[in-house]
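To keep things clear, I will list the structure first and then write my remarks on it.
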Amino acid sequence: MKSMYRSGFFKKSNDSGRIVLTAIMGMILGYFIGVSFPYLSFTKINLLPVIHSPFDTTMHDDHQSNPHERSFPENLGSSNTPELPQIYVATNPRGAESLPPAIVVSETDFYLRRLWGEPSKDLKKKQRYLLTFTVGWDQRNNIDAAVKKFSDDFQIVLFHYDGRTTEWDQYEWSKQAIHISVQKQTKWWYAKRFLHPDIVAAYDYIFLWDEDLGVEHFNGDNYMQLVKKHRLEISQPGLEPYEGLTWQMTKRRGDKEVHKVTDEKPGVCTDPHLPPCAAFVEIMAPVFSRDAWRCVWYMIQNDLVHGWGLDFALRRCVEPAHEKFGVVDSQWIVHQHIPSLGGQGEHENGNALREGVKVRCHKEWALFRDRLENADKAYLKQNGTKL
């Protein structure tokens with residue numbers, strides 16, 4: 001009995017020892033596995049079988065069949081992403097100094113593009129000229145007649161001061177035009193904000209026209225031929241004489257293609273090469289070359305929205321101005337004097353709507369003249385030059 005008890009005791013002891021030993025060895029093995037675990041890559045461990053849905057297979061097949069499908073590097077966003085090159089190019093546009101010059105696009109255009117297909121095949125034609133009108137819906141028939149005087153070499157931009165844009169879709173040409181709408185604003189306000197020289201750099205000439213111009217005797221392509229023939233940087237069509245015509249310079253002459261100088265009333269012109277006897281066009285229908293517009297745009301003041309006074313200062317943007325300004329007589333227009341934008345004002349002190357706008361125009365002219373004179377003085381003083 002004793003031997004049997006003793007034998008059972010030792011058997012239980014041996015079993016317990018094996019269990020303890022196994023546990024200790026398991027702990028040691030687990031320790032070494034735990035120590036080495038951080039060095040294992042999660043990307044190399046696949047704990048679950050890969051299950052493909054029919055949708056995944058279709059997308060995979062589409063990707064394989066379309067070599068232009070976007071793909072991303074495997075390490076996108078990971079700590080293994082290569083360091084960006086250290087770039088600083090002082091001649092890049094301001095704010096883009098950290099970009100390689102070959103990726104910088106500093107100029108743009110109003111060309112319409114598709115949402116599909118190859119980008120290089122978007123444009124069947126690139127318009128050479130930009131034609132802009134500041135319009136209200138009430139003058140739609142006039143604008144329709146005007147637009148039809150221009151070929152498909154002209155990109156059309158309509159600035160809508162009355163907020164009505166969708167109605168213009170009744171005209172086929174309007175569907176290819178650019179429409180920009182802000183209520184009760186003038187063309188010079190629009191021009192300053194939407195016709196930056198880098199935006200319109202694709203166009204050789206920029207037309208900045210009012211909406212109340214009769215164009216029965218005008219053709220856009222013929223006009224451009226004469227502008228180039230006479231090397232005009234800033235021009236306008238001749239104005240059919242009418243009662244109240246302000247300046248002799250812009251009046252049409254029936255015996256000329258183009259004129260660049262005129263005679264005014266005694267005492268009006270202090271120099272025959274200066275405005276309004278030369279180097280002068282009015283602000284109702286000016287046409288600017290690309291280079292001239294780059295200068296003119298910078299002279300437009302943000303708060304002086306009517307542009308009064310600009311016509312006398314435009315000569316600063318071309319040289320010699322009296323040779324590069326011109327009025328094209330053989331392509332002439334009629335100023336219809338429709339008080340459209342003037343009716344967008346507000347009553348002040350019991351005055352009519354248009355009266356308030358007119359008062360503002362005269363104030364702006366005086367302000368612009370003073371600013372330009374003061375700017376000249378400041379520049380000359382800074383450079384030590386006497387007036």
Side-chain angles (χ1 to χ4, degrees), residues 109-113 123-181 186-187 190-191 194-195 200 202-229 232 235-242 250 252 254 257-258 281-290 293 326-341:
D109 52 66
F110 287 116
Y111 299 144
L112 299 177
R113 294 186 174 272
L123 306 178
K124 295 180 180 179
K125 183 180 182 66
K126 291 185 178 181
Q127 289 80 15
R128 301 171 61 189
Y129 315 117
L130 187 66
L131 172 64
T132 74
F133 289 100
T134 302
V135 303
W137 177 240
D138 289 344
Q139 302 306 319
R140 57 190 177 278
N141 294 331
N142 205 51
I143 294 299
D144 180 49
V147 167
K148 290 175 179 176
K149 292 290 185 174
F150 295 87
S151 69
D152 59 0
D153 268 335
F154 292 80
Q155 172 70 62
I156 301 167
V157 175
L158 297 187
F159 299 125
H160 300 269
Y161 62 74
D162 62 353
R164 301 179 67 176
T165 58
T166 56
E167 293 92 334
W168 290 84
D169 283 346
Q170 75 178 47
Y171 301 109
E172 193 63 30
W173 56 262
S174 176
K175 297 174 183 178
Q176 298 300 316
I178 306 298
H179 297 266
I180 300 173
S181 177
T186 72
K187 72 177 180 183
Y190 281 112
F194 298 102
L195 300 181
V200 300
Y203 307 100
D204 295 339
Y205 291 86
I206 296 95
F207 288 62
L208 202 61
W209 280 21
D210 289 353
E211 63 179 339
D212 60 341
L213 304 175
V215 293
E216 182 181 354
H217 304 286
F218 180 88
N219 177 276
D221 287 333
N222 293 341
Y223 182 88
M224 290 312 310
Q225 289 177 8
L226 291 170
V227 164
K228 295 175 183 179
K229 175 182 177 181
L232 303 179
S235 65
Q236 75 162 75
L239 286 174
E240 182 72 10
Y242 61 90
T250 56
R252 170 184 171 249
E257 280 188 341
V258 169
V281 299
E282 295 191 62
I283 59 173
M284 71 174 72
V287 180
F288 303 96
S289 71
R290 180 193 298 110
W293 178 249
V327 174
V328 180
D329 297 292
S330 60
Q331 296 293 319
W332 75 92
I333 59 176
V334 177
H335 189 200
Q336 299 172 337
H337 283 280
I338 300 172
S340 51
L341 186 57

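For this chain, numbers begin at 1 and follow the sequence in order.
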Would you find a donor on one side and an acceptor on the other, under 3.5 Å apart, between the side chain of Glu257 and the backbone of Ser330? no
Measuring from Tyr161:OH to Lys187:NZ, what's the distance to the nearest 0.5 Å? 12.5 Å
Report yes or no: is the cationic atom of Arg290 (NZ for Lys, CZ for Arg) closer than 6.0 Å to the six-membered ring centre of Trp293, at no more than 45° off its axis? no
Would you say that His179 contacts Ser174 through its side chain, given a criterion of any heavy-atom pair below 4.5 Å between the two side chains? yes
Do Asp221 and Met224 have side chains that get closer than 4.5 Å, going by heavy atoms? no
Hydrogens and angles aside, do Asp212 and His337 bring a side-chain donor and acceptor to less than 3.5 Å of each other? no
Is there side-chain contact between Leu232 and Val328, with at least one heavy-atom pair below 4.5 Å? yes
Which heavy atom of Ala285 sits nearest a heavy atom of Pro237, and at what distance? O-CD, 3.7 Å
Measure across Val215 and Ala145 and return the closest heavy-atom pair with its distance rounded to 0.1 Å. CG2-O, 3.9 Å
Does Asn142 use its side chain to pair, donor to acceptor, with the backbone of Glu211 at less than 3.5 Å? yes
All heavy atoms of Val281 vs all of Gly326, minimum pair found to be CG1-O, 4.1 Å
Has Tyr203 got a side-chain atom pairing as donor or acceptor with Asp109's backbone, closer than 3.5 angstrom? no
With Thr132 as partner, the option from Tyr190, Phe207, Phe159 fulfilling side-chain contact (heavy atoms from CB on, under 4.5 Å) is Phe159
Is the shortest heavy-atom distance from the side chain of Ile156 to the side chain of Val147 under 4.5 Å? yes
Using 0.5 Å steps for rounding, measure from the OG atom of Ser181 to the CG atom of Leu158. 10.5 Å
Apply side-chain contact (heavy atoms from CB on, under 4.5 Å) to residues Ile143 and Trp168 and explain how you reach the verdict. CA-CA 10 Å; Ile143 294 299; Trp168 290 84; 3.9 Å; yes
Side chains of Tyr205 and Lys228: does their closest heavy-atom pair fall under 4.5 Å? yes
Only one of Trp209, Tyr129, Tyr223 passes ring pair (Phe, Tyr, Trp, His ring centres under 6.0 Å) with Phe150; say which it is. Trp209
So how far is it from Leu213 CG to Gln139 CD, rounded to the nearest 0.5 Å? 10.5 Å
Going through the distances and angles, do Lys125 and Asp153 end up as a side-chain contact (heavy atoms from CB on, under 4.5 Å)? CA-CA 8 Å; Lys125 183 180 182 66; Asp153 268 335; 3.0 Å; yes
From Gln127 CD over to Asp204 CG, what is the distance, rounded to the nearest 0.5 angstrom? 12.0 Å
Side-chain contact, heavy-atom cut-off 4.5 Å: Leu112 with Gln176? yes
Contacts of type salt bridge (Lys or Arg N to Asp or Glu O under 4.0 Å), residue Glu216, not counting sequence neighbours: none
Determine the minimum heavy-atom distance between Gly238 and Val327, stating which atoms define it. CA-CG1, 3.4 Å
Taking Thr134 for its side chain and Asp210 for its backbone only, find out whether a donor-acceptor pair lies under 3.5 Å. no
With a sphere of 6.0 Å drawn around CD of Gln170, does it hold more than 12 non-hydrogen atoms of other residues, nucleotides or ligands? yes
Only counting residues at least two apart or in another chain, list the ones meeting side chain to side chain contact (heavy atoms under 4.5 Å, CB included) with Leu123. Tyr111, Arg113, Lys126
Which is it for Leu239 and Ile333 under the side-chain contact (heavy atoms from CB on, under 4.5 Å) test, yes or no, and what are the steps along the way? CA-CA 5 Å; Leu239 286 174; Ile333 59 176; 3.7 Å; yes
Start with the C-alpha gap between Phe218 and Gln331, add the side-chain angles, then the distance that decides, and say whether side-chain contact (heavy atoms from CB on, under 4.5 Å) holds. CA-CA 5 Å; Phe218 180 88; Gln331 296 293 319; 3.9 Å; yes
Kindly compute the distance separating OG1 (Thr250) from NE2 (His335), expressed to the nearest 0.5 Å. 10.5 Å
Residues at least two apart in sequence or cross-chain that pass side chain to side chain contact (heavy atoms under 4.5 Å, CB included) with Glu240, listed by chain then number, are Arg252, Trp332, Val334
Which heavy-atom pair separates Ile178 from Phe110 by the least distance, and what is that distance? CD1-O, 3.7 Å
Approximate separation, where rounding is to 0.5 Å, of Leu195 CG and Leu208 CG: 6.5 Å
